[in-house]
Each structure stands twice: as C-alpha cells, then as structure tokens.
Asker: 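Please see the structure below; I have some questions.
Indexing begins at 1, ligand by ligand and atom by atom, following the structure's order.
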Amino acid sequence: MSLAGKRVLLIVSGGIAAYKALELVRLLRRDGCGVTAVLTQAAEQFVTPLSVQALTEHRVYTNLFSLTDESEMGHIQLSRAADLVVVAPATANILAKMAAGIADDLPTTLLLATDKRVLVAPAMNVRMWEHAATVANMATLMARGVAVVGPDEGAMACNEYGFGRLAEPPSIFAAIRGSLAPGPLAGKHALVTSGPTHEPIDPVRYIANRSSGRQGHAIAAALAALGARVTLVSGPVSVADPAGVEVRHVETAEQMLAACRLALPADVGVFAAAVADWRVAHAADLKLKKTPAGSPPELTLTQNPDILATIAAAGPLRPTLVVGFAAETHDLRMHAEDKRRRKNCDWIVANDVGAGTGIMGGTENEVVLFTEAGAEPWPRAGKDEVARRLAGRIAEALGGGGPTNTGVEIAARTP
Ligand SMILES: Cc1cc2nc3c(=O)[nH]c(=O)nc-3n(C[C@H](O)[C@H](O)[C@H](O)COP(=O)(O)O)c2cc1C
C-alpha cells in the first residue's frame with residue numbers, strides 16, 4: 001500500500017536519536033506521504049527546524065502560541081488534519097506527559113487534542129526504559145490504544161547496551177503504513193513464526209525437520225493483506241519472504257525466541273514454526289571427523305526453550321490472542337487440547353502430519369481449530385486458503401480499532 005495522499009503529523013521530541021526522524025521524513029516523502037512536523041523545545045537542540053522543513057517541504061511548528069491564527073484554534077486543527085500522529089523519537093519525558101495528560105507545550109497539547117490514531121517510537125537509555133515509571137506509562141498508553149514500534153535492543157550512544165534504541169526508520173515507516181492501511185487488522189501488530197529451526201551439531205551439520213515454512217509464510221501474508229503490521233520470524237526455508245512483511249531470519253530455537261521477544265508487543269502471536277524440541281548440548285566448534293575405530297560420536301541433547309509457552313506467559317506483554325500450532329502423528333485431539341491448556345494459548349491449530357498425509361512440506365493442509373468453544377475441523381485446502389481463513393478468524397476475534405494490548409512488561413523483553 002502506498003502512502004500517497006496520506007498526511008502524518010510527526011512530533012519529534014528531544015532525544016539523541018532525533019536525527020533519525022530526518023530519514024523517516026525522507027522515506028515518507030518518497031512514498032508520497034505529506035508530513036507536518038512539530039518539534040519540542042528539546043528536539044530543537046538536536047535537529048534544526050530548518051533541516052526538518054527542507055525535508056518535509058512544509059512549515060515546521062515549535063511554539064504553541066506562534067500558530068498563525070489562534071482564533072481558529074490552530075493547535076486543534078493541526079491535531080485533526082493528519083491521518084496519523086507519530087511521535088519519533090518519543091522521549092521518556094513526552095511518554096510520561098502523554099500518560100498523565102499534560103499539555104504544557106505545542107506537541108503535548110496536540111497529543112491531548114487529537115482524535116487520530118497515535119503511534120510512538122520510544123528511544124531512551126535502557127535504564128530510563130526499564131524504570132518503573134516508564135513501564136507504567138507505557139502500560140497506560142497501550143491500554144488507551146496507542147500503537148508502539150520498538151524500541152530495539154543494541155548498543156547505545158551512552159555506551160550501554162539493552163532495549164531503548166529507536167526502531168530503525170524503515171521499521172517505523174512499516175508501522176506507519178500498517179497503521180494507515182485499510183482492512184480489519186489496520187493498526188494491529190501480528191507476530192508469526194514459520195519454518196523449521198536448525199540446531200547445529202558442528203559447523204556443517206545440524207538437526208532439522210521437514211517443515212517448509214509454507215503455512216507460516218502464508219499466514220503472515222494473509223494477515224498483512226488484512227492490514228496488519230506483521231513481523232515474521234522465520235527459520236531457514238526456501239520459500240520467498242512475503243511482500244509487505246518484516247522478516248527476521250533465524251536458525252536456532254534460541255535465536256527464534258530472542259527474535260520473538262524483541263518483536264513484542266503484538267496483538268496476535270501465531271506460532272506456526274516447527275521448533276526443534278532439543279538441541280545438541282555442546283555443538284562442536286570444528287567439524288567432527290570419523291575415527292579410525294569407526295565409533296560414531298555420541299550426541300548429548302538438551303531441551304530447547306518452549307517459544308509458545310514462553311510468549312504465552314509473558315505477563316502484560318502477552319499478545320491478546322496467542323495461536324499455537326500442533327503437528328501430531330497420533331491422538332490429535334488429545335494432544336491438541338492438552339497443549340492448548342498446558343501452554344496457556346487461546347487457540348491451537350492442529351494437523352495430522354503422519355506419513356502419507358503429505359502435509360509436512362506439502363502445499364495443502366487439513367487442520368482442526370481448537371478454541372475454548374471446542375474443536376472445529378476445517379476441510380482440506382491449500383495452505384494459502386487455510387491461512388486466509390485463519391487470518392479472517394483472527395480479525396473477527398480482535399475486532400476493529402486500535403491495538404488491544406493491555407500493558408507492557410519491559411523486564412520480560414530482556415532475552
Ligand atoms: C545529549 C542528550 C541526549 C538525550 N537523549 C535522550 C533520549 O534519547 N531519550 C530521552 O528520553 N531523553 C533524552 N534526553 C533527555 C531529554 O532531552 C529531556 O528529558 C527533555 O526534557 C525531553 O524533552 P521533550 O520530551 O519535550 O523533548 C537527552 C538529553 C541530552 C542532554
């Protein structure tokens with residue numbers, strides 16, 4: 001979806017990452033999106049109104065009382081004229097003011113006066129992000145339907161490491177597109193896992209399974225088609241990345257869990273990946289060689305993290321709707337119902353992947369959807385069709401409107 005004809009009100013607050021707002025403006029303008037920018041006083045210390053004005057090709061606003069005609073209530077008009085209000089970067093300070101409803105300058109007055117969807121891209125030092133005040137403020141904002149993109153984990157300008165880095169401009173751009181997309185899942189964030197995991201034995205060998213990633217990738221595409229912003233965490237597969245979806249490529253179960261945690265918060269999590277239950281406890285650094293005696297190496301396995309159960313137990317950060325997959329070769333109903341309860345998921349999509357079904361790695365699927373209401377067998381169909389049907393059910397379950405997460409537990413994001 002192109003953003004041509006759309007208008008974003010971009011509020012830049014005073015963080016070290018403010019310069020990245022310029023790159024975001026460039027991406028938006030390149031896509032035909034109009035941008036009106038408002039800078040906090042602190043933001044002016046980091047970027048000049050002139051450079052923002054040059055890129056937006058529009059007047060930049062900084063002062064509540066300098067709007068040309070306050071008799072027309074310029075701040076109200078500004079806050080209503082845009083299709084979406086974006087705060088990037090969002091400092092701890094502006095998030096706190098938003099949560100408290102403080103309106104003591106132009107940006108915060110606009111944020112209080114707007115009737116439009118609001119997307120924030122937090123950026124701050126890891127300790128500020130993990131501070132109980134910020135945690136509570138984020139929970140308040142998200143409960144009110146404010147959409148969030150990032151922050152990312154990484155090295156910071158202050159020489160510390162952790163969560164708090166501004167999401168990269170292309171990710172913020174994707175989140176803006178998601179928030180403006182038409183469709184029942186507009187403004188929702190979906191996390192989808194897909195494909196197998198590869199668990200190394202040595203640098204050239206690994207333990208894997210027959211998952212092709214076709215079903216998970218089709219679900220990611222179907223959710224995106226309904227307007228969701230989708231993060232797809234994919235194991236090694238040969239199917240192409242779906243268009244319009246942010247894909248994080250991983251190999252092992254541990255990497256997949258870390259990528260999933262990083263992608264939270266999400267409104268829905270669909271865990272379709274065939275994650276290896278075990279990995280080799282100590283993968284060899286060098287290729288294992290045959291011994292003259294002909295004795296094969298002994299591999300000691302250890303349990304991998306349970307991604308579905310971990311994300312379903314992520315406290316306030318748990319996606320509103322958690323959908324697990326169960327690939328079984330026998331006693332499908334018993335295993336699926338048990339898995340739904342044990343792993344605290346809302347739905348289980350179960351399929352029989354026994355020999356001869358052609359499902360694992362094939363193009364068709366025959367699933368039973370287990371919900372609180374019971375079991376619902378779906379007819380055998382192409383994986384794209386199953387994905388569309390599941391995406392439709394997810395849209396029904398989440399309803400329209402803004403994001404539905406009820407809170408955020410920042411500590412839970414630390415991998
Ligand atoms: C060099 C420098 C870098 C800063 N970077 C950040 C930051 O990345 N995130 C943040 O929340 N605050 C940061 N601050 C603090 C904010 O600038 C300060 O809280 C300010 O009051 C924010 O005002 P605003 O929210 O109205 O823009 C920084 C301050 C300085 C001096």
Asker: Within a distance of under 4.0 Å, is there any protein heavy atom near atom 31 (C) of ligand 1?
Answerer: no

Asker: Can you list every pair that meets side-chain hydrogen bond (donor to acceptor under 3.5 Å, both in side chains) and has a residue in residues 118-127, with sequence neighbours left out?
Answerer: N125-E160, R127-E160

Asker: Please list the nearest protein heavy atom to atom 29 (C) of ligand 1 with its residue and the distance rounded to 0.1 Å.
Answerer: F46 CZ, 4.1 Å

Asker: Relative to the heavy atoms of N93, which atoms of ligand 1 are at a distance of less than 4.0 Å?
Answerer: 19 (O), 21 (O), 22 (C), 23 (O), 24 (P), 25 (O), 26 (O)

Asker: Got a protein heavy atom sitting under 4.0 Å from atom 2 (C) of ligand 1?
Answerer: yes

Asker: Is the shortest N/O to N/O distance between S13 and ligand 1 below 3.5 Å?
Answerer: no

Asker: Using the side-chain contact (heavy atoms from CB on, under 4.5 Å) rule, pick out the option among V85, L111, V87 that qualifies with V120.
Answerer: V87

Asker: Among protein heavy atoms, which lies nearest atom 11 (O) of ligand 1, and at what distance?
Answerer: A92 N, 2.8 Å

Asker: Does the pair E57/R29 count as a salt bridge with the N-to-O cut at 4.0 Å?
Answerer: yes

Asker: At what distance is the nearest protein heavy atom to atom 15 (C) of ligand 1, and which residue and atom is it?
Answerer: G14 O, 4.1 Å

Asker: One residue to check: A123. Relative to ligand 1, which of side chain, backbone, both or neither has a non-hydrogen atom less than 4.0 Å away?
Answerer: backbone

Asker: Going by the order shown, which atoms of ligand 1 are within less than 4.0 Å of some heavy atom of M128?
Answerer: 10 (C), 11 (O), 12 (N)

Asker: When only distance counts, is G15 in polar contact with ligand 1, meaning an N/O pair under 3.5 Å?
Answerer: no

Asker: With backbone taken as N, CA, C and O and side chain as the heavy atoms from C-beta onward, which portion of T40 lies under 4.0 Å from ligand 1: side chain, backbone, both, or neither?
Answerer: side chain

Asker: List the closest protein heavy-atom neighbour of atom 20 (C) of ligand 1: residue, atom name, distance to the nearest 0.1 Å.
Answerer: A42 CB, 4.0 Å

Asker: So which protein heavy atom does atom 25 (O) of ligand 1 come closest to, and at what separation?
Answerer: T91 OG1, 2.6 Å

Asker: Any salt bridge between E337 and R333, counting N to O under 4.0 Å?
Answerer: yes

Asker: Does the pair E254 and R279 meet the rule for a salt bridge (charged side-chain N to carboxylate O under 4.0 Å, His left out), with working shown?
Answerer: CA-CA 10 Å; E254 288 183 309; R279 67 179 183 278; 3.4 Å; yes

Asker: Do other residues, nucleotides or ligands put more than 12 heavy atoms under 6.0 Å from the CD atom of E376?
Answerer: yes

Asker: How does Q41 reach ligand 1, by side chain, by backbone, by both or by neither, if only non-hydrogen atoms under 4.0 Å count?
Answerer: neither

Asker: Below 4.0 angstrom, N of the basic side chain to O of the carboxylate: do E328 and K339 qualify?
Answerer: no

Asker: Kindly indicate whether the side chain of L106, heavy atoms from C-beta on, has any atom under 4.5 Å from the side chain of Y61.
Answerer: yes

Asker: I'd like to know if K116 pairs up with D83 as an ion pair, taking the criterion as any Lys NZ or Arg NE/NH1/NH2 lying under 4.0 Å from an Asp or Glu carboxylate oxygen.
Answerer: no

Asker: Under 3.5 Å, N or O to N or O, is I16 touching ligand 1 that way?
Answerer: yes

Asker: Out of all atoms in ligand 1, which are within 4.0 Å of some heavy atom of I94? Include the element for each.
Answerer: 25 (O)

Asker: For T140 and N137, run side-chain hydrogen bond (donor to acceptor under 3.5 Å, both in side chains): C-alpha distance rounded to whole Å, both residues' side-chain angles, the deciding distance at 0.1 Å, then the answer.
Answerer: CA-CA 5 Å; T140 302; N137 291 333; 5.3 Å; no

